[in-house]
Amino acid sequence: MRRAHLYILAGSLTALALAFFFYKVFVFGFPLKPEARTDLWRVEVQLQFEADGGPVKASLFLPQRTGTLTVVDQSFVSAGYGLTTEPQPGVGIRAIYSVREAKGLQTLYYRAVLQSGGLPEAQERDPLPQVEPPVLMGPQRAAAERIVGIVQRQSADAATFAALLVKRLKNARSGEEADFLLGYRPSNRRLVTVAVQLLQLAGIPARPVNGVALAPERRDAQFHRWIEYHAEGRWRTLHVRDVGQQPGQVFLPWWRGTAPLAEVSGGKHLRHTVSTSRAFEYAVRTALAQQRALEKRFIEFSLFGLPLQAQSLFRIILVIPVGILLLVVLRNIVGVKTFGTFMPVLIALSFRATGVFWGVFFLSIVVGLGLGVRFYLERLKLLLVPRLAVIVIVVILLLAALTVISFHLGFDRGLSIGLFPIVILTMTIERMTLVWEERGATEAFQQAAGSIFVGALCYLLMNVPVVEHLAFVFPELLLIVLGATLLLGRYTGYRLTELWRFKVLAR
Amino acid sequence: VINALDIARRLRSAGVLGINERNAEYTLPYNRRACYPLVDDKVLTKQLAMNAGVAVPDLYGVIEINRQLRDLPALLAQHPSFVVKPARGSQGDGIIVVTGRTRSLFRVADGSFLDEEEMTFHVSNILSGIYSLGGQTDKALIEYRVRFDPAFEAITYRGVPDVRIIVFLGVPVMAMVRLPTRISGGKANLHQGALGAGIDMASGRTLTAVWRTSIVEEHPDTGNPVAGITIPQWETLLELGARSYELTGLGYQGIDIVLDRDKGPLILELNARPGLAIQMANRAGLRLRLEKVEQYHTGLKTIAERVAFAKEHFAAQPA
């Protein structure tokens, strides 16, 4: 009776999970494999300046939505500063950081997550902007008009005019009008400025655009300036250098005009660094973009309705049940001995940051040194709670020291050992000493090795991209994991280790 | 894999109980959670047994809070030998058997010495819950140290041997005598290296023994054969076992009895999750015996009937 109940429960959980799963696969078209994904870019701006001690106001342009790139998430880190954003039509959006009083080195951060592709370009035309004729005087005006005249005769429309104009400016030889306008050894920015002036003179709306080339893992990205001109109802992009020719190169337009990226009043020595990196987002969003109204509502109430940060958190949380199922199998069917019930899963989570090899390495070092300290403390005869507290402090110091040492030895991996759960490490050390004293070193090492072994296996399983993908995109599959765990709760067969233990009885 | 399946099949046909099956089929259904505190807390167990008129080792004192540690030396001074144990300890952890004093030092059964400060530290560790399940705060018991019956003298290395009887629904189903060895440090726990000798339920005579995972004929330290020793007052032990069901209400339990030279059988502790190594000591599976009890227990009303049932059905099979 009890069994039938359990089978029915597990069976209906599985059926429910499969129903949802197949509906999402066949009707919603959710991808089964993690490979189907679109690009995500992360951009971070670090702004630093020396505050004078009085009120400070700093402004920073923010990247904008364009046809191919959308800001899906952005965050500002600016301790103590008030923040407002202020759209400036035709130029961009400015974030204004302000504070009543600040002194010394100030650091402000801006982070954005951008998604490329997948979104159709807006169909409506950009409104025709006003052409403001540039203010040019005397010989400069004469030279400019002459170039415009020549290029106009050679070109058929705005697009060919712009291309020819830029070509002419780039190939300017000394003595020509172009060279006269640009000046000696013109910078890229100067070239863009002149080209924009000439385009405007010819009656084509144009403006300089500032932006960065998105590149994977770029620490110190440089701002480029390029041209946007208006033709056939649209703004078009024209690069003056050949960077635009590289296939797959993506540019993020940031702001328009010739103003600097950031300005500060009440401070000096302003400098900024921009870094870009690449991340991947499953193509689910693309699938989401095609949903009907009812399905959209359904999805809004799913994990995809959450902000990106929460999503990435749940990406980790949702694989935990898979690891736990493995742990149950290893403990109740195989019979591996571990410290604590779920400690191996927590170990597996901390391995995510370090990888298995370095994870085991660092874990062994911390636990080994911690054990040494614990055995020393044994002589002092401390009471339990203060003793545990001492070990927590020692573990924290050990983690800090190991991080510093491994950083200076050039192990990047070492930087992530701070993610090891400190309290878990402490309890491990305490439990291990007790087991050591009560049952001997063999038993202690057996349990420690068991914990690390199970932790490593859980990590390997939880880190399979397909597992992570399925758990996040189809969380209903966890109902199957739940059902399987329920069934394991009534597994009454032998554990594998028991076969060995009782083998003398198997005659 | 084939070999493993083969072993599993043979163990099953021999009726060997695995830990999953013990938990799922016996401890979970037959042991109500509400009864657990009675056996998990040795102070409660002792009181329960004393109220029912069952013999237990005398309780010298209970230390419940750190403040009482100040009175500990005075309490211990009254008794030349005693046992310190955590009320909620499991598997014999945290138990210190003091056999006497040498000047100001306590002489411990495993041959080591403790001074007063170390003893106080040990008791305070017990209070803070190091040895208790789940780490809850605990109490420390100071009780009478058993002078064990000379019956086991030849096959014991220090420490106190005890008799473990598995009792299912009031019927004693299997028993063994646990013999301390040098490796077990005077403790009578099998996983700490003590020897477990099976007992013929009908006659109370010892059979072969298990040590770790192998069957042995002799005590590893004394070299004397473990088989063929008759447990004194076996009938009384079986009755104590049978009575323990009414005492705690636990359907499936292990009862640990020591044989004192002067006071006879004393209940040391009760266990709601007794270990499975007893099967190896007896070279017999528990499941077949448990199934037999499940089948007939409704007809077994009195303690005498249950003891008689055990002696009739669970006699050792001639090898």
Side-chain angles (χ1 to χ4, degrees), chain A residues 1-3 6 328-329 331-337 339-341 374 377-389 423 426-427 430-440 442-443 446-447 486-507, chain B residues 3-26 28-29 66 89 91-95 117-118 120-122 124-131 135 137 183 185 187 189 191-193 208 210 212-215 276-277 279-280 282-285 287:
Chain A
M1 177 55 216
R2 208 182 290 134
R3 275 191 179 259
L6 187 68
V328 172
V329 169
R331 279 182 64 114
N332 268 30
I333 294 187
V334 178
V336 183
K337 286 182 185 173
F339 289 121
T341 314
R374 172 65 181 78
L377 291 180
E378 184 66 25
R379 299 158 162 226
L380 302 181
K381 308 289 177 200
L382 302 180
L383 292 176
L384 176 72
V385 178
R387 186 174 66 219
L388 286 178
V423 174
T426 306
M427 294 315 291
E430 180 68 20
R431 290 281 293 270
M432 198 162 164
T433 12
L434 284 186
V435 172
W436 192 309
E437 295 209 318
E438 294 288 329
R439 319 250 164 92
T442 324
E443 178 82 15
Q446 227 173 38
Q447 291 196 16
L486 283 171
L487 289 180
L488 281 173
R490 291 299 298 177
Y491 169 77
T492 58
Y494 298 115
R495 296 178 181 176
L496 276 179
T497 48
E498 279 177 340
L499 297 182
W500 177 79
R501 182 183 171 199
F502 293 133
K503 68 176 184 295
V504 289
L505 295 175
R507 278 159 305 143
Chain B
N3 191 27
L5 284 177
D6 186 48
I7 292 177
R9 215 191 54 242
R10 284 195 214 175
L11 288 178
R12 183 143 294 274
S13 67
V16 174
L17 194 66
I19 199 151
N20 290 328
E21 194 173 9
R22 180 200 74 185
N23 292 341
E25 304 295 349
Y26 298 101
L28 279 172
N66 268 300
Q91 306 183 304
D93 291 345
I95 296 180
E117 195 189 337
E118 284 169 320
T120 310
F121 177 65
H122 179 75
S124 89
N125 269 347
I126 291 177
L127 297 190
S128 55
I130 296 192
Y131 303 103
T137 53
I183 287 175
K187 286 177 182 161
N189 275 85
H191 70 89
Q192 286 173 336
T208 51
V210 60
R212 302 245 187 252
T213 57
S214 50
I215 305 286
L276 296 166
Q279 301 178 104
M280 292 193 289
N282 283 277
R283 289 188 174 184
R287 186 160 47 81

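These numbers come from the heavy atoms of this one structure, side chains and all, not from hydrogens, waters or symmetry mates.
- Taking chain A as the reference chain and counting heavy-atom pairs below 4.5 Å, the highest number among B:I7, B:N66, B:V16 is found for B:V16.
- For chain A, the nearby part of B:A14 is the side chain; its heavy atoms alone come within less than 4.5 Å.
- Among B:I19, B:L17, B:T120, the residue with the largest count of heavy-atom pairs under 4.5 Å with chain A is B:I19.
- In this view, B:N125 and A:R387, B:F121, B:S128, B:I130, B:Y131 satisfy the side-chain contact (heavy atoms from CB on, under 4.5 Å) rule, not counting sequence neighbours.
- Between chain A and the options B:L276, B:N23, B:I215, the largest number of non-hydrogen pairs under 4.5 Å is found for B:L276.
- For the atom pair A:L487 CG and A:R3 CZ, the distance stands at 9.0 Å (nearest 0.5 Å).
- For B:E21, the salt bridge (Lys or Arg N to Asp or Glu O under 4.0 Å) criterion is met by B:R12, B:R287, not counting sequence neighbours.
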Audit row: B:E25, A:R490, salt bridge (charged side-chain N to carboxylate O under 4.0 Å, His left out) steps and yes/no: CA-CA 9 Å; B:E25 304 295 349; A:R490 291 299 298 177; 3.6 Å; yes
